[in-house]
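First comes the structure, then the notes that go with it.
Read the numbers this way: they start at 1 and go in the same order the structure lists the ligands and their atoms. Counting begins at 1 with the first residue of the sequence. Keep in mind that what you see is a predicted model, and the values were worked out from it rather than measured.
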Amino acid sequence: MPRPILATIHTDALTHNLDRARRAAQDARVWAVVKANAYGHGIERVFEAFRAADGFALLDLAEAERVRTLGWRGPILLLEGVFEPRDLELCSRLGLWHTVHCDEQIDMLAAHKTQAPQRVFLKMNSGMNRLGFAPERFRAAWTRLSALPQVDEITLMTHFSDADGARGVAAQLAQFERITQDLPGERSVANSAATLRHAAQTRADWIRPGILLYGSAPDFPEHDAAHWQLRPGMTLATRLIGVQELKAGDAVGYGSSFVADAPLRIGVAAVGYADGYPRHCTTGTPVLVNGVRTRMVGRVSMDMITVDLDPVPDAGFGSEVTLWGNASNGAVLGIDEVAQAAGTVGYELMCALALRVPVVVA
Ligand SMILES: Cc1ncc(COP(=O)(O)O)c(C=O)c1O
């Protein structure tokens with residue numbers, strides 16, 4: 001009998017979330033961002049749900065090959081572009097579109113021998129200062145690229161640093177628009193937060209939602225997933241494998257960080273940091289037992305956590321424990337709440353799901 005932990009990928013929720021992006025995008029085409037193995041969900045597991053997208057965006061060439069192996073003939077975009085010259089051969093062979101964000105990538109293209117010119121996304125650094133040409137260098141990059149026989153159409157793109165927060169997108173968008181206003185070509189600027197919060201200004205020709213597709217709110221805690229009508233793409237659940245009756249003054253787990261101030265029933269759940277449950281979660285982190293909301297107490301161990309059974313007196317050995325996602329009784333625990341308790345974001349929890357956790361697609 002394997003340990004009772006299980007991750008479930010919810011195809012209908014992923015489909016619903018993609019639909020949600022499409023509604024926000026109106027006429028824009030939608031890249032389903034599936035980098036990092038579809039944010040930890042598994043590219044093969046989300047493929048059916050996302051095949052209604054207009055393209056798949058990712059950054060690992062091996063992942064691009066996997067999407068083609070699944071039979072996808074439509075667009076695939078490499079969000080970081082190529083890393084070395086021979087990657088361009090793979091782009092030619094697999095028909096990959098790729099981001100161009102630096103001179104070195106233009107040099108590689110200029111030296112590339114190809115029959116068929118390639119479709120590229122020219123990236124501007126409009127303020128995030130991660131990848132992209134500075135605004136004052138963007139037009140020169142465009143001119144150089146557009147003169148290359150290796151290059152087909154050029155789409156203009158940028159990426160927002162603060163679409164989820166108070167700074168918003170206005171300054172970056174103004175910069176992008178100022179520099180590109182008279183350049184031909186399609187545009188792509190919006191990630192999930194821009195798509196949901198700044199739809200009218202940012203939808204352009206292509207949107208690039210990632211996190212929203214998986215059912216996490218890009219701007220939690222200002223808004224939660226339910227506010228944006230998003231549904232959890234993944235449930236992580238396990239069972240109780242033990243129960244302890246604490247007396248007042250008894251402590252739980254490593255470091256005795258939690259001490260009961262009154263008699264307390266504690267459930268021991270088969271999940272730990274070796275499964276991807278964050279060790280930074282502390283006493284009070286929400287968890288569902290039999291679909292009833294309670295709290296984690298004490299420290300997260302490698303293979304176990306301990307939970308307060310006070311609100312669930314009927315719980316015992318074998319009871320369902322939902323770490324995030326949907327409980328059998330229909331209750332939902334948002335991954336963002338758990339992430340917040342660990343001082344991180346839903347993205348990290350999804351991506352950190354450990355290999356040892358069995359996954360089913362429902
Ligand atoms: C260039 C680019 N576009 C889109 C996305 C998707 O972002 P999100 O998951 O916040 O929607 C990312 C993610 O980092 C990205 O780097």
Which residue owns the protein heavy atom closest to [atom], what's the atom, and how far is it?
atom                    : value
atom 15 (C) of ligand 1 : H159 CE1, 3.3 Å
atom 10 (O) of ligand 1 : Y347 OH, 2.6 Å
atom 4 (C) of ligand 1  : R208 O, 3.3 Å

Checklist entry - Looking only at non-hydrogen atoms, which of A193, A21, S192, A190 approaches atom 11 (O) of ligand 1 most closely? => result S192

Checklist outcome for this item: Candidates F121, Y39, W31; heavy atom nearest atom 9 (O) of ligand 1 found on Y39

Using the rule that two of Ile, Leu, Val, Met, Phe, Trp, Tyr join whenever any of their side-chain heavy atoms come within less than 4.5 Å, decide whether [X] and [Y] are in one cluster.
X    : Y    : value
F83  : L131 : no
L353 : M296 : yes
V297 : L323 : no
L70  : L94  : yes

Next on the checklist: Quick check: closest heavy atoms across C102 and F133, and the distance to 0.1 Å?
Outcome noted: C-CZ, 3.2 Å

Next on the checklist: I'd like to know whether ligand 1 has H101 as a neighbour, heavy-atom separation below 4.0 Å.
Outcome noted: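 Heavy atoms of H101 never come under 4.0 Å of ligand 1.
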
Checklist entry - Does ligand 1 have any atom that is closer than 4.0 Å to a heavy atom of K35? => result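 Contact check K35 vs ligand 1: positive.
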
Next on the checklist: Below 3.5 Å, N or O to N or O, backbone or side chain included: is there any such pair between M157 and ligand 1?
Outcome noted: no

Item to check | Close-contact set for ligand 1 against R130 heavy atoms, below 4.0 Å | outcome: 16 (O)

Next on the checklist: Can you confirm if the aromatic rings of W31 and F56 lie within a centre distance of less than 6.0 Å?
Outcome noted: no

Next on the checklist: Students often mix this up, so state it plainly: with edges at 30° and 60°, are the rings of Y39 and Y214 parallel, tilted or perpendicular?
Outcome noted: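 Y39 and Y214: parallel rings.
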
